[in-house]
Amino acid sequence: MSETIRRDPRREWIARNRLHPEHASVLLEMGNAALSEWPGPNGVVRKNPRAVGFIGPNGIKRIDRSGLQQGGQAAATTAAPQDSRRTVTIEDPAFLVAVVPDMTGGRLSGHDKDLLGLARQMADADGEHPGAVVAIVFGEHKAAALGDAGIDRVVHLDDEVYTGFAPEARLAALSAVEREMAPRFWLVPDSQLGGGEQGRRLAVRLGERPATQVWHVEADEHSATGWRCTARGAAGTSDITRHLPRVVLALAECAEPVSETRHAAQPVELNQPLPDVLGRIEDMGEVPVDPASVSLAEAEFILSAGNGVKDWEGYHHAAQVLGAAKGASRVAVDDGFMARDRQVGASGTWVSARVYVAVGISGAIQHLQGIQTCEKVVAINLDERCDMVKRADLAVIGDAGDILAALVARVERYREQQQENRDAA
Amino acid sequence: MPHNVNTLNDAELSVAVLVSVGRHPLTGRARRADHDARAVEMALSLGDASVQLMHAGDGGEACGDAMRGYLGMGISRVKRINQDPDADVVPALANILRFAAPQLVLTGTRAETGEGSGLVPYLLAETLGWTVVSGLAEIESIEQGVATVLQALPRGKRRRLKVRLPAIATVDSSAPAARQSAFGPARRGELADCACASVTDELQTQWRVQPARKRPKRLKIVKSASARDRFKAAAAKADSGGGQLLNDVTPEQGAEAIFTLLKEEGVLR
Ligand SMILES: Cc1cc2nc3c(=O)[nH]c(=O)nc-3n(C[C@H](O)[C@H](O)[C@H](O)COP(=O)(O)OP(=O)(O)OC[C@H]3O[C@@H](n4cnc5c(N)ncnc54)[C@H](O)[C@@H]3O)c2cc1C
């Protein structure tokens with residue numbers, strides 16, 4: 001295509017003349033399929049403000065300037081949000097920052113991601129000699145996107161000895177990583193899920209005095225490690241500012257998770273085989289607890305009932321079969337079907353369940369506030385337009401009684417199968 | 001629970017509890033530390049075990065008040081190792097534990113004063129070469145040098161562990177609450193002082209300690225080029241979308257979908 005603008009006086013004239021029968025088609029041709037824009041005689045883009053926008057549902061003209069809609073024929077092209085993250089590969093790192101994520105349920109938790117954000121901050125502090133973040137992951141994991149969280153290298157130890165509660169075997173593996181890779185820093189989440197314990201064991205084994213409950217890290221040239229940290233002390237009532245040691249046990253939200261770059265997450269192997277450890281702690285597995293005895297705020301799986309539940313016997317039976325803690329909306333409580341301490345929401349309990357099943361709950365804002373931190377929400381409701389369905393990750397439209405009964409039947413079948421398998425084995 | 005704890009040779013089971021000075025979160029007064037008191041309670045629930053309480057500290061007035069709190073739980077004496085105020089208590093405790101050689105040592109998860117890092121049990125275990133377990137909720141039984149314990153996990157879950165003794169175990173707030181401290185026994189109980197050389201904690205003197213600041217609340221950062229998207233993200237009510245909507249399905253199909261989700265999340269046992 002030549003750069004020269006070729007003028008067509010006739011078409012320009014038609015473009016100016018709104019009453020010309022070919023006006024619309026010429027405009028469409030001139031301005032890339034939009035009625036409202038066309039190149040003027042000198043190459044300047046001309047706009048017709050009257051042709052912009054569309055008539056909204058209430059008969060009022062709306063103009064959407066996001067660029068998604070143009071002109072009257074507005075074919076809303078919802079382009080998939082493009083991935084603007086940079087891909088970073090660190091070939092030859094100046095040093096390593098080791099992270100031992102909790103990986104509860106095989107996924108990176110929010111706490112893990114914050115910690116990886118902190119690791120990234122420390123690795124990238126010197127732009128010319130960047131370090132690499134190496135994550136030590138035990139057991140199977142479901143996280144497909146380890147690199148997106150900022151991990152450059154992964155040591156994946158998928159042996160049977162590391163499954164369950166195996167602090168001694170894991171400690172031996174971490175010591176081996178220390179011997180072979182000598183990372184400059186060790187970051188461990190100071191969590192109840194095992195990270196806090198593992199980190200303390202590691203620090204003691206390495207002979208390092210760790211900083212625990214760290215919630216803030218900043219650069220400091222006076223410190224030997226180049227960093228200074230603020231940590232909670234005395235059961236959370238004091239702040240201790242000190243130089244950052246080699247082993248750091250950090251709290252959640254210690255840094256922003258990585259969002260702008262994606263990393264390679266290359267698998268690396270340890271050279272030497274890991275020694276067998278004679279464990280003095282034997283894991284006998286989790287003990288089943290009565291879900292009703294767990295406080296609602298702590299419960300992992302909640303079956304919550306609202307005004308849409310008619311068959312209360314069926315609901316209680318379902319909760320029992322599923323092994324779920326019982327929750328309720330305010331209406332169900334006020335009507336006397338559920339106890340007051342079961343109410344979820346602004347004036348009840350703020351729950352943090354991993355799975356929250358809302359049966360016949362419309363999703364009033366006071367109720368939704370209480371389930372803000374729930375990970376997966378399932379809605380069973382007759383009304384597909386209610387707010388709970390909008391919030392839900394999975395919404396099933398239908399009568400609550402029927403669906404709960406079907407679910408109970410399905411779970412009972414599953415239980416029977418499991419029992420048969422166990423008997424056969 | 002006392003009734004289901006059966007020990008083979010009761011007379012020989014000796015339990016040491018390491019206790020520290022607590023601090024009331026509101027008034028700041030010295031008191032028995034909550035976790036440590038729960039550890040004492042757990043030791044007392046072990047039937048006929050002989051229970052010794054040990055404390056390493058500066059022996060000041062606050063220390064005396066706090067120790068009386070433990071004595072009031074029906075303990076006859078607390079062994080108190082006098083140390084300088086800025087001393088590292090681990091060497092002194094390791095010394096005395098090696099000498100007393102209990103089978104089980106119970107401690108709180110972390111102290112309510114000082115650094116409160118929760119490292120003492122781990123350091124002691126490494127020094128003495130004993131096992132360490134954290135977050136005990138209950139001791140089920142102790143038989144032939146093996147303790148069966150329940151470890152507390154988040155969300156009210158429990159894990160059963162078998163631990164070879166001698167061991168150090170930490171107790172946190174999921175263990176049964178401590179009994180009240182009574183005034184009479186607290187007065188009558190004995191504080192047995194003994195001296196031990198202090199090792200100063202050099203590192204700690206370089207730290208700056210302040211009352212805890214409130215942590216800044218994390219802001220929801222929306223990274224988007226267009227103002228419209230940022231506004232929509234800020235004003236959005238419930239983040240709809242992304243969710244799967246099953247309309248016009250039979251109850252069985254709906255139940256199947258829910259069942260699949262429950263199983264994927266691993267909440268069905
Ligand atoms: C100050 C204040 C504080 C509040 N605090 C709380 C709080 O803490 N917690 C709380 O929950 N509420 C609270 N509320 C009340 C809240 O505003 C709502 O009124 C309440 O949450 C609605 O409860 P619901 O969803 O169970 O009932 P409804 O709004 O009546 O919803 C019933 C839902 O069930 C569906 N349904 C009906 N029949 C069936 C069926 N057969 N099968 C399936 N679905 C069916 C309907 O489609 C509807 O969506 C508060 C209100 C105020 C003013």
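Predicted model only: the values in this text are computed from it and were never measured. Letters go in sequence order (proteins before strands), and every chain restarts at 1.
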*If every non-hydrogen atom of V411(A) is compared with every non-hydrogen atom of F259(B), which pair is closest and at what distance?*
CG2-CD1, 3.8 Å
_Atom pair CD1 (I403(A)) and OG1 (T250(B)), whose distance is rounded to the nearest 0.5 Å_ = 9.0 Å
*Quick one: are Q206(B) and R242(A) in side-chain contact, heavy atoms under 4.5 Å?*
no
*Less than 4.5 Å apart, any side-chain heavy atom of D239(A) and any of V209(B)?*
no
*Search all heavy atoms of G236(A) against all heavy atoms of A212(B) and return the closest pair with its distance.*
O-CB, 3.6 Å
*asked:* Given heavy-atom pairs under 4.5 angstrom as the criterion, report whether the side chain, backbone, both or neither of S352(A) touches chain B.
replied: both
*Between V396(A) and G254(B), which heavy-atom pair has the shortest distance, and what is it?*
CG1-CA, 3.7 Å
_Is C229(A) in contact with chain B via its backbone, its side chain, both, or neither, using a 4.5 Å heavy-atom distance?_
neither
_Quick check on L123(B) against chain A: is it the side chain, the backbone, both or neither that has a heavy atom closer than 4.5 Å?_
both
_Atom group of A400(A) that falls short of 4.5 Å from chain B, counting heavy atoms_ = neither
*asked:* For the CZ atom on R415(A), are there more than 12 heavy atoms of other groups (residues, nucleotides or ligands in this structure) within a distance under 6.0 Å?
replied: yes
*Residue pair T131(B), E168(A): steps toward the side chain to side chain contact (heavy atoms under 4.5 Å, CB included) verdict*: CA-CA 10 Å; T131(B) 327; E168(A) 292 155 319; 4.2 Å; yes
*Please report the C-alpha distance between E115(B) and R209(A) in whole Å, then the side-chain angles of each, then the deciding distance to 0.1 Å, and finally whether the side chain to side chain contact (heavy atoms under 4.5 Å, CB included) criterion is met.*
CA-CA 12 Å; E115(B) 187 187 356; R209(A) 180 160 184 175; 2.9 Å; yes
_Check: R201(A) side chain, V132(B) main-chain N or O, donor-acceptor pair, under 3.5 Å_ = yes
*Which atom pair, heavy atoms only, marks the closest approach of L153(B) to E286(A)?*
CD1-OE2, 3.9 Å
*Under 3.5 Å, side chain of R215(B) to main-chain N/O of E253(A), donor-acceptor pair present?*
yes
*Hey, does the side chain of R354(A) reach the backbone of V267(B) with a donor-acceptor pair shorter than 3.5 angstrom?*
no
*Tell me, out of K263(B), E252(B), R213(B), who's got the most heavy-atom pairs with chain A below 4.5 Å.*
R213(B)
*Below 4.5 Å, heavy atoms only, C-beta onward: do T237(A) and P25(B) meet side chain to side chain?*
no
*Of the listed residues (G398(A), G323(A), P167(A), P210(A)), which shares the most heavy-atom pairs with chain B below a 4.5 Å separation?*
P210(A)
*Could you check which of Q210(B), K162(B), Q204(B) has the highest count of heavy-atom pairs closer than 4.5 Å to chain A?*
K162(B)
_Please classify the contact between A324(A) and chain B as side chain, backbone, both or neither, with a heavy-atom cut-off of under 4.5 Å._
neither
*Should Q213(A) and R110(B) count as side-chain neighbours, where that means a heavy-atom distance under 4.5 Å?*
yes
*Quick one: CD on E298(A) to OG on S174(B), what's the gap to the nearest 0.5 Å?*
8.5 Å
*Search all heavy atoms of R164(B) against all heavy atoms of G279(A) and return the closest pair with its distance.*
NH2-O, 4.1 Å
*asked:* Which one wins on heavy-atom pair count under 4.5 Å against chain A: L203(B), V249(B), D248(B)?
replied: L203(B)
*Do R280(A) side-chain atoms and A167(B) backbone N/O form a donor-acceptor pair below 3.5 Å?*
no
*Part of V389(A) lying under 4.5 Å from any heavy atom of chain B*: side chain
*asked:* Measuring only between side-chain heavy atoms, which start at C-beta, is V146(B) closer than 4.5 Å to E282(A)?
replied: no
*Contact leader toward chain B among D402(A), D190(A), D283(A), where contacts are heavy-atom pairs under 4.5 Å*: D283(A)
*Determine the option with the most heavy-atom pairs under 4.5 angstrom with chain A, choosing from N247(B), T113(B), L165(B), D172(B).*
N247(B)
*M284(A) vs T148(B) side-chain heavy atoms within contact, under 4.5 Å*: no
*Where does T212(A) contact chain B at under 4.5 Å (heavy atoms): side chain, backbone, both or neither?*
side chain
*In terms of heavy-atom pairs under 4.5 Å, which option from A255(B), P216(B), G116(B), A257(B) contacts chain A the most?*
A255(B)
*Counting only heavy atoms not in R158(B), do more than 12 fall under 6.0 Å of its CZ?*
yes
*Please flag which part of L262(B) lies under 4.5 Å from any non-hydrogen atom of chain A: side chain, backbone, both or neither.*
side chain
*Can you measure from CD1 (I258(B)) to CZ (R410(A)) and round to the nearest 0.5 angstrom?*
12.5 Å
_Worked verdict on K157(B) versus E300(A) for side chain to side chain contact (heavy atoms under 4.5 Å, CB included)_ = CA-CA 9 Å; K157(B) 291 195 281 195; E300(A) 181 173 40; 3.4 Å; yes
*Can you say whether Q151(B) sits under 4.5 Å from chain A via the side chain, the backbone, both, or neither, judging by heavy atoms?*
side chain
*Closest non-hydrogen atom pair, R200(A) against G118(B)*: CD-O, 3.5 Å
*Of I380(A), I397(A), L394(A), the residue whose pairing with L246(B) passes side chain to side chain contact (heavy atoms under 4.5 Å, CB included)*: L394(A)
